[in-house]
Amino acid sequence: MNDIMVASKLVRLLRLRDARANQSWATRVTLTTLLIFTAPQAFAQSNVCGSLNNAFGPFDYRVERGSNLNVVEKHHFTPTIEALLGGSTGTVGGDLDYTLRAFPNHHRALLSVLKLALKTPSPRDLSMNYPFECYFERAVRFQPDDPIPRMIYATYLGKQGRLADAKGQLKDANKFANDNPFTYYNIGMVYADLKQYEEALGMAHKAYQMGFQQPGLRDRLAAVGKWQDAPKGR
């Protein structure tokens, strides 16, 4: 599955409306975890999310597409695990944890963690080494210039009501879009999901001016009365 398909899955995932994910963060976590889950920067300054050193890897998902990836996906990231239907070597959470310790920025595995987080009332799965948020933080820490983990992280933060943190991740994702219109488009979709329509419109203008054809973002903004054509000369 290429990065375009991964990003498309992210766009579909943004439509999820899990009632449990919309509960107040303060009512869903213990005091101890609440003290930890304050901002992405807090993770980098603590030992909560652990070292990136691993007995196998870590490998960059964008680059390492050979035998190392194949062995991990064969045993720890099967289609059944990706769909959260059951583990391969143990639990779903355990296999996702293994995958993301070997490939911290594995885009599809991060999407599966996001889905698992949105359906789980607590901030972690007990079969995983870290709280859910750590897997997004570790991906960003491992490869800061990979925009897809930042978009997934922003989606997670938005679901927790942490708008400023989510926007910070999207701002950084924009820095690493590398003039890729599809990346701008998907950043815009995440902004729209956060109801940050001015930023979403800016991303839409960038994508469409670069020749991107898919109308979904424009239609979505038009549906809420937020679409405007780009000023002439821009």
> Who pairs with T91 by side-chain hydrogen bond (donor to acceptor under 3.5 Å, both in side chains), at least two apart in sequence or on another chain?
Replying inline: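 Once residues adjacent in sequence are excluded, the partners of T91 under the side-chain hydrogen bond (donor to acceptor under 3.5 Å, both in side chains) criterion are S127.
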> Partners of N53 by side-chain hydrogen bond (donor to acceptor under 3.5 Å, both in side chains), sequence neighbours excluded?
Replying inline: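 So N53 forms a side-chain hydrogen bond (donor to acceptor under 3.5 Å, both in side chains) with S51.
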> In terms of hydrophobic clusters joined by side-chain contacts under 4.5 Å, are F56 and Y61 together?
Replying inline: yes
> Under 4.5 Å between side-chain heavy atoms, hopping through other hydrophobics if needed: is there a path connecting L100 to F142?
Replying inline: no
With [X], which residues qualify under side-chain contact (heavy atoms from CB on, under 4.5 Å), at least two apart?
X    : answer
P215 : R218, D219
E64  : F59, N68, F103
K206 : N174, Y184, M203
D97  : R101, M128, N129, Y130, Y135

Would a 4.5 Å heavy-atom cut-off, applied to side chains only, mark [X] and [Y] as touching?
X    : Y    : answer
N178 : T183 : no
P149 : F136 : no
L163 : K195 : no

Using ring-ring contact (aromatic ring centres under 6.0 Å, His included) as the criterion, list what pairs up with [X], not counting sequence neighbours.
X    : result
F176 : none
F77  : H106
H76  : Y98

Might you point out which heavy atoms bring [X] and [Y] nearest each other, and give the distance in Å?
X    : Y    : value
A204 : L221 : CB-CD1, 4.3 Å
A207 : P181 : CB-O, 3.4 Å
P147 : A173 : CB-O, 3.8 Å
Y185 : L217 : OH-N, 3.2 Å

> With K175, which residues qualify under salt bridge (Lys or Arg N to Asp or Glu O under 4.0 Å), at least two apart?
Replying inline: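 Once residues adjacent in sequence are excluded, the partners of K175 under the salt bridge (Lys or Arg N to Asp or Glu O under 4.0 Å) criterion are D172.
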>> Can you list, by chain and residue number, the hydrophobic cluster partners of L85 when the side-chain cut-off is 4.5 Å?
In response: none
> Between the side chains of D146 and H107, does any donor sit under 3.5 Å from an acceptor?
Replying inline: yes
>> Distance alone, cut at 3.5 Å: any donor-acceptor contact between the side chains of Q213 and Y208?
In response: no
Nearest-0.5 Å distance that lies between atom [atom1] in [X] and atom [atom2] in [Y]:
X    : Y    : atom1 : atom2 : result
I152 : L157 : CD1   : CG    : 12.0 Å
I81  : L116 : CD1   : CG    : 12.0 Å
L194 : T155 : CG    : OG1   : 7.0 Å
F132 : Q160 : CZ    : CD    : 10.0 Å
L96  : L110 : CG    : CG    : 9.5 Å
R150 : N105 : CZ    : CG    : 11.5 Å

Under 3.5 Å, is there a donor-acceptor pair between the side chain of [X] and the main chain of [Y]?
X    : Y    : value
Y191 : E198 : no
T99  : A109 : no
H205 : A200 : no

> For the side-chain contact (heavy atoms from CB on, under 4.5 Å) test, which of D125, L84, V113 pairs with V92?
Replying inline: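 That would be L84; it is the only one of D125, L84, V113 passing the side-chain contact (heavy atoms from CB on, under 4.5 Å) with V92.
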> How far apart are the C-alpha atoms of N186 and M151, what are their side-chain angles, what is the distance that settles it, and do they pass the side-chain contact (heavy atoms from CB on, under 4.5 Å) test?
Replying inline: CA-CA 8 Å; N186 281 290; M151 286 188 278; 3.7 Å; yes
> Taking it one step at a time, do R124 and C134 satisfy side-chain contact (heavy atoms from CB on, under 4.5 Å)?
Replying inline: CA-CA 9 Å; R124 71 181 302 161; C134 281; over 6 Å; no
> How far apart are the C-alpha atoms of R138 and Q143, what are their side-chain angles, what is the distance that settles it, and do they pass the side-chain contact (heavy atoms from CB on, under 4.5 Å) test?
Replying inline: CA-CA 9 Å; R138 287 167 60 86; Q143 295 296 335; over 6 Å; no
>> Test side-chain contact (heavy atoms from CB on, under 4.5 Å) on Q169 and V190; report intermediate values, then the result.
In response: CA-CA 11 Å; Q169 290 299 326; V190 181; over 6 Å; no
> Does anything in residues 71-80 pair up under salt bridge (Lys or Arg N to Asp or Glu O under 4.0 Å), and if so which pairs, sequence neighbours excluded?
Replying inline: E73-R108
